[in-house]
Structures are given as structure tokens and as C-alpha cells.
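Below: the structure, in C-alpha cells.
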Amino acid sequence: MKKLLNDPAKAVDESVEGFGLAHPDLVTVHTDPLFVTRATKAPPGTVALVSGGGAGHEPLHAGFVGEGMLDAAVPGAVFTSPTPDQVAAAIEAVDNGAGVLAIVKNYTGDVLNFETAVELADGVEVSTVLVHDDVAVEDSLYTAGRRGVAGTVLVEKIAGAAAARGDDLAGVTAIAERVSSGVRSMGVALYAPTVPHVGRPSFDLPDDEIEIGIGIHGEPGRHRIPAADADTITEALLTPIIEDLRLESGERVLLFVNGMGGTPSSELYVVYRRARRLLEDRGVTVDRSLVGSYVTSLEMQGASLTVLRLDDELTSLWDAPVHTPALRW
Amino acid sequence: MKKLLNDPAKAVDESVEGFGLAHPDLVTVHTDPLFVTRATKAPPGTVALVSGGGAGHEPLHAGFVGEGMLDAAVPGAVFTSPTPDQVAAAIEAVDNGAGVLAIVKNYTGDVLNFETAVELADGVEVSTVLVHDDVAVEDSLYTAGRRGVAGTVLVEKIAGAAAARGDDLAGVTAIAERVSSGVRSMGVALYAPTVPHVGRPSFDLPDDEIEIGIGIHGEPGRHRIPAADADTITEALLTPIIEDLRLESGERVLLFVNGMGGTPSSELYVVYRRARRLLEDRGVTVDRSLVGSYVTSLEMQGASLTVLRLDDELTSLWDAPVHTPALRW
Amino acid sequence: MSLDVEWALRWVRLSADSIAEARDELTELDRQIGDGDHGANLDRGFAAVRTKVDGLEAENVGDVLKVVATTLMSTVGGASGPLYGTAYLRAAKVTGIPELNAHAVVALLEGALEGITSRGRAEVGEKTMVDAWSPAVDAAEAAAAAGASPAEVLEAALAGAEEGARSTVDLVATKGRASYLGERSRGHLDPGARSTVLLLAAAAEAARG
Amino acid sequence: MSLDVEWALRWVRLSADSIAEARDELTELDRQIGDGDHGANLDRGFAAVRTKVDGLEAENVGDVLKVVATTLMSTVGGASGPLYGTAYLRAAKVTGIPELNAHAVVALLEGALEGITSRGRAEVGEKTMVDAWSPAVDAAEAAAAAGASPAEVLEAALAGAEEGARSTVDLVATKGRASYLGERSRGHLDPGARSTVLLLAAAAEAARG
Ligand SMILES: Nc1ncnc2c1ncn2[C@@H]1O[C@H](COP(=O)(O)OP(=O)(O)O)[C@@H](O)[C@H]1O
Ligand SMILES: Nc1ncnc2c1ncn2[C@@H]1O[C@H](COP(=O)(O)OP(=O)(O)O)[C@@H](O)[C@H]1O
Ligand SMILES: [Mg+2]
Ligand SMILES: [Mg+2]
Ligand SMILES: [Mg+2]
Ligand SMILES: [Mg+2]
């Protein structure tokens, strides 16, 4: 394993420190406990958004702290959810008196730590939205349920815009829930990532096989298939999404092709090209697009596809200004 | 080799097609010959900027087509400079009557093909700026000279801003030359990239060694060293840059940490942190920063450091609005 | 020997030793069906715990367990952080006494299990640490009812946990990260069940001393 | 046989065959000291040339070479595209005749070399294709002066190119991409010199038929 890191145990701290130094106009890094907030607070009375999760998914979440998106992000160790004291400190730091929406990816670790944090942060009104967009995971009442993956960015952006336009906590929460319920994702890995303090690849993948339905923590996927071309893989990822969303002709969507960290952006556009065609062939209009490595898994090679069902309100909230280190318009 | 591609021979065409579909508000893709222009032309009388080079460095160059930066980008095959007819067609397409500045990275292939293109595009006034920022390469009158690497983005951004504010061709060229003469870079590779139509890594690198002074085409570097930690590597890259620029205490610079394509952004910030400290320790002020994978080498793992000496004019041109798929503010 | 503050501190130190030693083993188990961080998570946590209890002035067993709880909670993260944190917290609540008899040991273990299930909402058979804790509590209860000494109760709990952990191999996970693998999770030992065995083994060893 | 349009077309087809066959070899040479695309670049170019000359109505040798020149120029890219493109363009300029005698063959080769050096500004000894072309021209001139046939002039040129190409192994590159390697470029055959040998071998073979 070769990485541009010093002591693996300090990798997250050093990286977040560098991130803060590079974007002092946008973010402030707090240590002990570690969390990142907006450099300039939102106006009083604005609902604040807090998200977080294990490190290793950069720019998620700290890259999305800033105007029109997150008020705070809480990074844990690599692929390990942050601890309740971190999350509680972030919640308390950014509350503007209008309450806090916690955006939580549906993993046992994230759910439990955020749950405990909310108990700790008494005095602040907190509501929670769970993101569980990964169609690779069977959903059932009796399991941990679907994972939250790349769809998280869309929830954070759109809920952030709702907060920025002045919606109250119930309103922002309702918008976030609407995005969460209308977004689905599925991913593929060509090569596994290596967690710094582990030192070997997260899963073993032969040279002629790829892993379909992977998560973003180096978990193996649902099944393996022989390596295939981009068009074939794209269809394998998109079909379950379309089916699960029950997308119909005439609907409008946002199409998000996400790189897993080690994938050249040129390949993402090859995937985008095919996914867009497949959607259009079904009469679905791709109204908005996002292509880039936004929810990563260290240097994993692969990609995920995310589709969000759009309506006029969600579209205008997507278009609303955003100014963060990783997303800006 | 596993990649998200279809037929390797069509990879560039398909990727650029997807890129055009994803950013129709910003760019227009032309085929036969292949080049990319702004979707909306700059005002008449504005100097136009054309750049280009082999594919595989995305987002360079097409990702920087748009307001305030490039008017056209010309992608060649992977790591292979484009042909004169492509470049000439792009030059002719974007000329607004005020002439065209061609931004060329100093490689024999790019230089010769652009040179021939300029001969072909008669009727258009073209001036050329060479980018040769790589301090890893010994400069001499008797050699091909230094390569152009990540510094190209800074030349394109700042010259684009000069064109947008209405400078004439001589003025834009002079600004571009000033950036080119004040910018230096140096890079490191941890793992080599694999060119799609070659199918095996561009160079062989043992598991415990890294390549210092690499280019962006999978060329091997100047020398190999045992794998080292990020702080050590950062110092090895930055020291020759500082020396070559003869940076002195009290000067202001732009610090650009560039990922080579397969490097997680978290690692880039670890490098940034150290580089910034080293500069500050010498009394140099880091006035502007850019951290991200902007000039890549497919999925190569590694990074490059770029330092640009700033003055008030270059700083304000850097700050001027830019609206392209890959860079926006 | 008696299960007092000294025992509790020894338990903590032996736990930290044992987790540090098993770090790679736990990592590998978690790599198979999870995300490969269980060893690092617990090692980070127990290393912090070791420092925290160093020179600690504790009046009763519960004081020690409370420090373990809050330290794990604020250093481990992941699923196991709040789960073990809550386990030790509930255990601490019922052990605010200088020395544990057999029934107090049972109460400690019951509290821990109750903490884990109330936080994680997993039941026996879902391939989690509950599959180790639950038979551990059953065995401890049976031993205490049969008149075992405190140390013997811990030995019984350990034996129960070991058997329970082994049982996770054949299970399909329906809670935690391994559940994403569905059928592919079968055939692997649950990392949290394994770390549970290590912690109870440290408790039993501390009582042997 | 005579060096007419038929010969020129045969030269082109044999060149395309030979480059396609040597694609991996050229790639590997370029991978050692360049960027590993020389084989792909030339193969793309000569495949296009083969299509372009298919059914071409050429009045003289120069017509054929001009098609080769413009096709290479618009399909190869890289350093070798404009270099070979200009080489064939200059060669075409001096071969606007139906059949080449020994001196016309020399003029063709001199034109090609002149095109390469005027575009690329490399001299002998810089580890480029010039190191193959220059001795090829020398040898051709000597052979023609000694009264060789056109086909023999090509054989001489080939021998000169082969020797010149071999000489690049010991050189340190100071032009082209290999120059970035400095001393590390020594010990490797220059890919452009190798492709030059292949092209001249095709010319000689076409004249043997
Ligand atoms: N809902 C749950 N209830 C009880 N234990 C659980 C639950 N979810 C996960 N676990 C336990 O947590 C262990 C994984 O811990 P760890 O790897 O540290 O956290 P993460 O899964 O967040 O990476 C599993 O092996 C399992 O024993
Ligand atoms: N200035 C030059 N003059 C003559 N030949 C050159 C020059 N620069 C490079 N070459 C030749 O071009 C060859 C490389 O061609 P190719 O790999 O197709 O292009 P690139 O170097 O752009 O990848 C070298 O092996 C060398 O023979
Ligand atoms: Mg984890
Ligand atoms: Mg090349
Ligand atoms: Mg884990
Ligand atoms: Mg080459």
C-alpha cells in the first residue's frame, strides 16, 4: 500500500486540517472534538443542517459545508461513523434557534451514534432524515434496511436550499424526506480500496471480475460478474433503479454519475452517455445532471448511478445558489 | 485492466459525447474533426483562447471551456496530441475577429501539431504561448525543454480572464506569458496509469518505490525513491520549485495541489497542509489555493505541486468570474 | 479473588491487551463481511480507556465501568461504539457497589445485554454480538442459580459467549453491515461476537488472578 | 521492377501491414522511454492510409505520397504525426513523376529527411528518427553515386537506417519525449528510429517483388 499520508492514525485530522487551511473563507475546522462548520453562520432563525459519517468519502461531507448546503459536517475515522460527542458538539455549534436537521446515511453505526448524539444535545430541537437510496440492498422491516450512498449529496443540496429560503424545521425535514424517498442508487467496483490503517484491499476481486451492488465502505457487493464493458455495466446498474422508482414515460429526473474516487472523469462521462440514452429511450427526461466524484470510497475504482425523481419545487431548490468547497453555482 | 469503457478505440469520442450531453448549457461538441467550443460565443472583438492536447488529462482541457476561460479545447487520442486539422478547425470556429491565443503544453507532439495547425488556419491571427512548468525536467537550449503540466490550468484561467476583460491579443498573450514564466510544478506517481488501448501499466513500479518527477502521460519520472510519507514527498516536490522560482520571504503565491486522477482528495489536503507550512516557514504567503484533480493522467495515483508567483493583477484575474464544467466562481 | 475495583481495573487492562493483540484478527473478520474496521475501532477505544483508568480513583466497580462506557462512546464510533458504550453504561448503573457477588455479576451481564439490544434492536439469530451476549447471560444466570462463585459465573458466561459466537458462523446476517451481503454473509464468524468473547475472557481471567 | 505508382501503392500497403504487425513492439519501445503510444499512433495512421489509397487514381508517385502525408497528418497526432506527415509531403514534392530512377529515389529520401529536420529541429545524435533517416540518406546517395539501381538504392538506405537505428540504443535523448528521462533514456532503442526501419524495409520489399 502506497498513499500520500503520514501516520495513518492521524490521516483524518491532518486532511481536515489541510482542508480548513485551503478554504478559510468557507469553512472553520473545530478540533476536540473534530467537526467542520460554515465560516460564516447562516442568518438567525434559519434551520441548520448537520451531516456526517466515516471519513474516506470526500468531498462528502465536509466539502459540502457552506452557503446553501450543510452548516456542519462531522467526520469519523475512515469508514467509521463519528462519535456522539462530536455530533452533539456540531449540532450545538450551528443551531440558529430554528432547530437542526440531521442527515444520516442508513448504517447501524451512523444511526446509533447520531441517535445518541441527539440525546446528548438537549436543548436543541433536532429532526433526523435517513438516506437509504441503495437499491442493491434488499429492503425489509426485519433487516438494517437499505444503505445510504451517493443520493446523500442530493438530499444535502436540496434540503440546504430549503433551509436557505427560510423553511422551518418541519418544512426542511419534509423536503429532505421527499428527496430521500425519490432517490435511488447502485454502484459497481472494479478494484477495491485500501483503508490506510488496514493496509490491504477491503475485498479480494480477481482481475477479470467486477463487484456489482457495492457500498461506499469497501463492503463487497451483492454479486460478482465477469468484467464487462461500460454500456453493459451501466444498464445493469440503471435497470434496478428504474424499476424500483417505477419511473414512467414523461417523468423528469436528475441523473447523477458518481465516481468512487479512483475513476477518471472521462469514464464517468462514458457511463453518463449510456445512462442518459437508456432513460431517454424510456421516455424519461434528464432535466438536471451531476457528473463527478462526490461520494467516494478512498481510491476505489468504480462508479455509482443515482436517479432522483424531479418536480418543479425540487428542481428549483436544486438550482438555488450553493457555495461550498466541492459544489458551487 | 478493468475500465468503465467500451471499445478503447472509441473511448475519447464516447467520453466527449457524454461530456457534451451533460453540459449543454456550457459547451458544444463538434465532430469530424473533434473539438469542443463554448455553447455561447464570447462577445465580438474578444480574443479567443484555444488549448488542447492528448486525452486522459480530464478535466483538462474540455472541462475548462466556458465563460472566462477557454473558447475551445481540442482532445487528441489518449496521451497523443491532436492533429493539425482538428486544431485549425477549432481556431477558425472560435475566432471573434480579435485573434486567437493558442495555449500549448511544451511537448514535441503538441508543439508540432499546433505549429502546423497555425499554418493551416490562415486568415486568423494566432499567437502561441508555451507552458513549460515542470521543474523535474532539465531546461536547456539543446533539448526539447521543460514539459507543460498542471500549471496549464493557471495559464488558461488567468489568460481567459484577461480576454474576458477585453485585453487585445498582445495583451492576453503577455499575461499568459507572465503566468507561464512565473509558474513551476513537480509531480510524483505512486502507481502508474494504464492506457486503454495498451492494456498494461505505462511503467513498472515496484510496490515499495515511488516515481519522482513524473509527467502527465505515464512517462517514468526522473528518479525513483523508496516509498515515503506525505510530508517527505511534499518537501521533495516543493523544494526544487521554490529554488527554481527563487521565491523570497514576503512574496505571495498561489498554491495548487493537483491529483493525478486516482488519488483521493483527502490525500491532496494532507499534501496541501505540509506544502503550505513549508512556504509559510520561508515567509511566503499563500494567497490563493486550488486543491483537486484538474490535470490528470487517467487513473494514476499521485499528485503534483504547482506554485505561481502572484502580483495584484494576476490575483485579480484569478479571482475574476469563471463558469466552466470543471472550474466555477 | 474478590470482584472489586481492583478486579474491574484489571479487567479493563486485560481487555485492552487482548483487543490490541486480536486487532488484526478482528479486522480480518470484519473485512470478510463488513468494512474491516472492527479491530481498529475497538483498539482505538480500549487504548483510550487504558489511559483514562490509569490512576483513576474509583469507589466502586460501577465508577470504573462508567469511564469505560463514556470513553468507548467518544472514541470508537461505528456500530460497536454506541453498542459497547451503552452496554458498559447500563452495566455501570447496576454495579455502584464496592464488590460484586454472583448475583451482581449476573446483573452486570444482564445490564450489558439490555443496553446492546435496546440500542441496536437486534435479536438472537441476526448474526451480531447479541448472539454471544445472550447465551453468556443465560449461562451466567444458570450458574448463579446453581450457587456458583462470582468467578465461576464469569467462566460460565465466557463458555456461553464462546458457543454463541461459534453459532454466528452459520447464520445469515439481518442486522449490521453484514446484512448487506445477504446469503454471502453465511460461513463467517461475526466480528462483534468475537470481540464479545475476548472481553468476557478478560473478565474471567481478571477474576482468576 | 520499376519504381512507379504500382510500387508506391505496394509500399504503402506493405507499410500498413508491417506497422500493424509491429504495433506491440513499437508500443513497448515507446513505453520504455516515452508514453507507449507510438505503435497505436502509426497503426491508426497507416490503417487510414490503406483505406485512402484503396482505388486511388494516381498519375505519379508523388500523388500517392501526398495522400499518405495528409492522411498521416490528420490521423496520427503525437510527435510522429507531423514529422512523418511532413516527411511524405516533402518527398511527394520531388516525386511528381510516373517512375523513379536511382537519383529520384535519393531525392525522395532527402526530401523526407529534410521535412523531418525542418519540422522537428533535431540533429543526428539526439536519439530520434533522424538517427535512422540520416544514415539512410547517406547510404542511398553513396549507392546512387556508385551506379546502383533504384531498388539497390532502397536496399542501401534500409541498411543505413538499420545501423542508424541500432546506434540510438547507446544515446541519451535530447529531443522528443525520451529527453525527459535524461540518462535513463540510454540503453533503449528509439521507437521512431525503429518505425523508420520498418517503413524503409517496406519500400525495399515493394521494389523486390
Ligand atoms: N444492530 C446491532 N445490534 C447488535 N450488534 C450489532 C448491530 N449492528 C452491528 N452490530 C455488531 O457490530 C459489529 C461491527 O462493529 P464495527 O465494525 O466496529 O462497526 P461498523 O459495522 O459500523 O463498521 C458487528 O460484528 C456486530 O456484532
Ligand atoms: N524533434 C524530433 N525530431 C525528430 N523526431 C522526433 C522528434 N521528437 C520525437 N521524435 C520521434 O518521434 C518518436 C515518438 O513518436 P510518438 O510516440 O508517436 O509521439 P509522442 O512522443 O508525441 O508520443 C520518437 O521515438 C522519435 O523518433
Ligand atoms: Mg465501520
Ligand atoms: Mg504521445
Ligand atoms: Mg466494521
Ligand atoms: Mg509516444
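If you're wondering where the values come from, they're calculated on a predicted model, not measured in any experiment. Throughout, a chain's letter reflects where its sequence line sits, starting with A, and its residues are numbered from 1.
- The contact between A:D85 and chain C is made entirely by side chain atoms (from C-beta outward), counting heavy-atom distances below 4.5 Å.
- One finds the CZ atom of A:F203 at 10.5 Å from the CG atom of C:L181 (value rounded to the nearest 0.5 Å).
- Other residues, nucleotides and ligands contribute at most 12 non-hydrogen atoms within 6.0 Å of the NZ atom of C:K66.
- Per-residue counts of heavy-atom pairs under 4.5 Å with chain A were compared for C:Q32, C:R23, C:R121; the largest is that of C:R121.
- Using a 4.5 Å heavy-atom cut-off against chain C, the contacting residues of residues 206-216 of chain A are A:E211.
- The heavy-atom pair separating A:S81 from C:A79 by the smallest distance is OG-N, 4.5 Å.
- Taking both residues in full, the closest heavy atoms of A:D204 and C:R31 are given as OD2-NH2, 3.2 Å, listed atom of the first, atom of the second, then distance.
- For C:T70, no part lies near chain A; criterion is any non-hydrogen pair under 4.5 Å.
- The local environment of CD in A:E119 is crowded, with over 12 non-hydrogen atoms from other residues, nucleotides or ligands closer than 6.0 Å.
- Between chain C and the options A:T108, A:T116, A:V78, A:D110, heavy-atom pairs under 4.5 Å are most frequent for A:T116.
- Interface residue C:T27: only side-chain heavy atoms are found under 4.5 Å from chain A.
- Considering only heavy-atom pairs separated by less than 4.5 Å from chain C, the leading option among A:T83, A:D134, A:V111, A:V198 is A:T83.
- Contact annotation for C:R184: only side-chain heavy atoms (C-beta onward) come within less than 4.5 Å of a heavy atom of chain A.
- Stacking of A:R147 on the aromatic ring of C:Y180 is recorded, both the 6.0 Å distance cut-off and the 45° axial limit being met.
- Remark: C:E25 CD is packed, more than 12 non-hydrogen atoms of other residues, nucleotides or ligands lying under 6.0 Å away.
- Interface remark: A:P82 contributes backbone atoms only to the contact with chain C (heavy atom separation under 4.5 Å).
- No other option in A:P84, A:G218, A:A136 has as many heavy-atom pairs under 4.5 Å with chain C as A:P84.
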Derivation and outcome, salt bridge (charged side-chain N to carboxylate O under 4.0 Å, His left out), residues A:R200 and C:D24: CA-CA 11 Å; A:R200 39 188 298 239; C:D24 289 348; over 6 Å; no
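- Contacts between A:Y107 and chain C at a heavy-atom distance below 4.5 Å involve backbone atoms as well as side-chain atoms.
- Counting non-hydrogen atoms of other residues, nucleotides and ligands closer than 6.0 Å to NZ of C:K52 gives a total of 12 or fewer.
- In this structure, CG in C:N41 is found 6.5 Å from NE2 in A:H197, a value given to the nearest 0.5 Å.
- Counting only distance, with no hydrogens or angles, the side chain of A:N113 and the backbone of C:G78 share a donor-acceptor pair below 3.5 Å.
- Side-chain atoms of C:D37 and A:T80 form a donor-acceptor pair, as typed in the model, at a separation below 3.5 Å.
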